[in-house]
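All values below were derived from every heavy atom in this structure, side-chain atoms included, with hydrogens, water molecules and symmetry-related copies excluded. Naming: A, B, ... by sequence-line order, numbering from 1 per chain.
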Amino acid sequence: MVKPSENSQLFKDIQLIVVPGALTKVASYRKAIWRKQGATVSFRLSQVKPEKDVYIICETEEYETEPEKVLEKLKVDNVKYPIVKLDWLTDSVRAQKLLPTENYVLKVEPKLRDQHTSISAKDILKGKKRNFEESRGSSADLTDDDEPHEEEGIEQGKLVGILRGSRDEGESDPNALVLYRLGQMADEYKGSGRSGVSNFKALSYRRAINSIRQHGKKLKTYEDAIKLPDVGDGIARKIEEINRTGQLHQLDEVRNDEHLMVVKTFLQIYGVGMSQAQEWYNRGYRETAEIEKNEKDKLSGVQRLGLKYLYDWSQRIPRAEVAEHEAFIKQISRDIDPDFEVDAVGSYARGAENSGDVDFIVCKKDIDDKGILGHFLYDLVSRLQEKEYIKCSLINIEVKNKARIRKFYGGGQLKGHQFCRRIDFLLVPWSERGAASIYFVGDDLFNRTIRSLAMQKHMKLNHKGLFKDKRDSKGHFDYSVENRIEAADEKRIFEILGVNWIPPEQRNLGKISSPGNVIKESGIIG
DNA sequence: CAGTAG
DNA sequence: CGGCCTTACTG
DNA sequence: GCCG
């Protein structure tokens, strides 16, 4: 292998527009090499720099058989730059000179468009969504889009893959140590926004963990690892290190980072986010006790409660106790109106052995009326306060405007129990209970994944329903009932999205693995 | 604007 | 390089 | 940190 000299600026004057492949990916270290040699690497034609020689690079071989896909990817009808295979670059790097492109060029016919599909600047901004709207009128055929979605296999795999090969959590995973270490990394980055480094890193780690768990087979090498979706160069390398040494050196760095540790401590307080935590750190505070002593009068009401219940709310709630909360509240609810339903959702519904809080969905058969719903929640909360179950409220429930009440957040404690718990009530119109259930059962990674999937299929999923992705001229979304595809039936929403229904117990995508036996046996806990 | 909810 | 799910609500 |  030829080692490129450190200072060679082989690609100094060129700009590469990379057209990503659909199913396979080129390791990102390659792009790093190109950049190191002076190239500008971009992904959109809008980023071309006039002073550079522009080349369009096809990452994968699929474009050699269907070159017109390049134009589709770039969302244009024609390009004036040469479209070349990836090999041109790799061969050029190897030769340490810019090779002639003639043997690598892909011939692409300009796309001809009729008037109906002529494309405007606005259309380009919106991608192909307009075409979709025009061709799809009813909800019935929304799933069999005639244009194959390249990511579909992967995205469905993320969801459907959970169904097969789902393992009990306690069972040992072939990658247990890797999952544990990556989970530690995710934890370290959770909620940290230091110096522009955002918690998107934590998101990436959790996605990678999910991907590895679903793969189910031992990842022995870097090459094994990087093949998986959501596992890139960085994480693949870390997997290699964990396999080799059992450790992850980067973990020690972040863990010894005082700033990170302190900020994370402050973030545990309900009502305190990055901004507040950072400010306290900057003022020199390092412990919550100092906040309590010096800043108490400056806290918001919610933060004051967060501090007051810091200890209680950091305790996990055993499953059995969640069930007790549910039974108690169901009883009170029946006393007010037996036709109202109150169900514990969240991690409890996903079968968790313990939960961080308790979430309840509140609804009544055939009732969408906000006035009725709001009135009931007001009565329910009042009754729970009389019974001295509710210890505090994190939001105001006004006596007037009951019709505007949609939720209640607060603290609830059962008689004879040690801790006050975080509880949430969420009012749900009967016609939206399917969508609401998906949302409130979670977990959040599952929600993000299924919502992404919906978007790729030109639909939009939120807690109020599954909608067609239709907007007005200003780009504002159409939430009218006519634009709603489905909201009441959870299974139907899955069906329309083209995935088999997934039971709540299998929606734990973001769960960080416990160390398991591997760690204990090898004695490297720590 | 920052924070919270799944 | 820019996006990473979503939207209403609170203070 | 990963993806397009």
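- If you run side chain to side chain contact (heavy atoms under 4.5 Å, CB included) between A:Arg422 and each of A:Asp357, A:Asp312, A:Val358, only A:Asp357 comes through.
- Using a 4.0 Å heavy-atom cutoff across all strands shown, A:Lys460 reaches sugar-phosphate atoms only and no base atom.
- Protein atom CG of A:Leu203 is 13 Å distant from nucleotide atom P of C:dT6, rounded to whole Å.
- Checking D:dG1, B:dA5, C:dT6 against every side-chain atom of A:Ile235, the shortest atom distance belongs to D:dG1.
- Dashed line: the shortest gap from a side-chain N or O of A:Asn396 to OP1 or OP2 of C:dG11 is under 4.0 Å.
- For A:Arg237, no side-chain nitrogen or oxygen approaches OP1 or OP2 of D:dC2 to under 4.0 Å.
- The aromatic rings of A:Tyr439 and A:His463 lie tilted to each other, with the angle between the two planes from 30° to 60°.
- Using a 4.0 Å heavy-atom criterion, one finds that A:Val345 contacts no nucleic acid atom at all.
- One interatomic measurement links the two molecules: CG of A:Leu248 to C1' of D:dG1, which rounds to 13 Å at whole-angstrom precision.
- Taking atom CD of A:Gln268 as the reference point, atom C1' of B:dG3 lies 16 Å away to the nearest angstrom.
- The residue from A:Val231, A:Leu251, A:Ile209 that alone fulfils the side chain to side chain contact (heavy atoms under 4.5 Å, CB included) condition with A:Leu182 is A:Ile209.
- For the pair A:Gln303 and C:dT10, the criterion of a side-chain N or O lying under 4.0 Å from OP1 or OP2 is not met.
- A donor-acceptor contact shorter than 3.5 Å links the side chain of A:Asp368 to the backbone of A:Trp430.
- Listed by residue number, the members of residues 420-429 of chain A with any heavy atom below 4.0 angstrom from DNA chain B are A:Arg422, A:Asp424.
- Atom CG in A:Leu509 sits about 12 Å away from atom C1' in B:dG6, given to the nearest Å.
- By the 5.5 angstrom centroid cut-off and the 30-degree plane limit, A:Tyr439 is classified as not stacked against the base of C:dT6.
- Minimum atom distance to the side chain of A:Asp359 is reached by B:dA5, of the listed C:dC4, B:dA5, C:dC5.
- Separating the CG atom of A:Asp443 from the P atom of B:dA5 is a distance of 15 Å, rounded to the nearest angstrom.
- Considering only side-chain atoms of A:Arg406, the nucleotide from D:dG1, C:dC9, B:dG6 that sits closest is C:dC9.
- The side chain of A:Ile395 approaches C:dT10 more closely than any other nucleotide in the set D:dC3, C:dT10, B:dG6.
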Exercise for the section: I would like to know whether A:Leu219 and A:Leu228 meet side chain to side chain contact (heavy atoms under 4.5 Å, CB included); could you show each step before the answer? Expected result: CA-CA 10 Å; A:Leu219 299 171; A:Leu228 298 189; 3.9 Å; yes

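- Without hydrogens or angle criteria, A:Arg350 side chain to A:Val441 main chain gives a donor-acceptor distance under 3.5 Å.
- D:dC2 and C:dT6 have their P atoms separated by 22 Å, given to the nearest Å.
- Comparing D:dC2, C:dC4, B:dG6 by their closest approach to the side chain of A:Phe440 singles out B:dG6.
- In this structure, the nucleotide among B:dT4, C:dC9, C:dT6 sitting nearest to the side chain of A:Tyr270 is B:dT4.
- Between the C1' atom of D:dC2 and the CG atom of A:Leu182 lies a distance of 13 Å, rounded to the nearest Å.
- Of the possible polar contacts, none joining the A:Asn175 side chain to the A:Val178 backbone as a donor-acceptor pair under 3.5 Å is found.
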Handout entry: Secondary-structure string, 5' to 3', Watson-Crick or G-U under 3.5 Å, | for another-strand partners, for DNA chain B
Key = ||||||

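- Listed for the A:Glu486 side chain is a donor-acceptor partner under 3.5 Å among the backbone atoms of A:Asp489.
- When atom types are taken as modelled, the side chain of A:Lys238 and the backbone of A:Arg181 share no donor-acceptor pair closer than 3.5 angstrom.
- One interatomic measurement links the two molecules: CE of A:Met455 to P of D:dC3, which rounds to 17 Å at whole-angstrom precision.
- The phosphate of D:dG1 (OP1 or OP2) has a side-chain N or O of A:Lys238 nearer than 4.0 angstrom.
- Of the possible donor and acceptor atoms, none in the side chain of A:Asp230 sits under 3.5 Å from a partner among the backbone N and O of A:Ser211.
- Cation-pi geometry between A:Arg237 and A:Tyr222 is not met at under 6.0 angstrom from the ring centre and within 45 degrees of the axis.
- The interatomic distance linking A:Ile405 (CD1) with C:dT10 (P) rounds to 10 Å, in whole Å.
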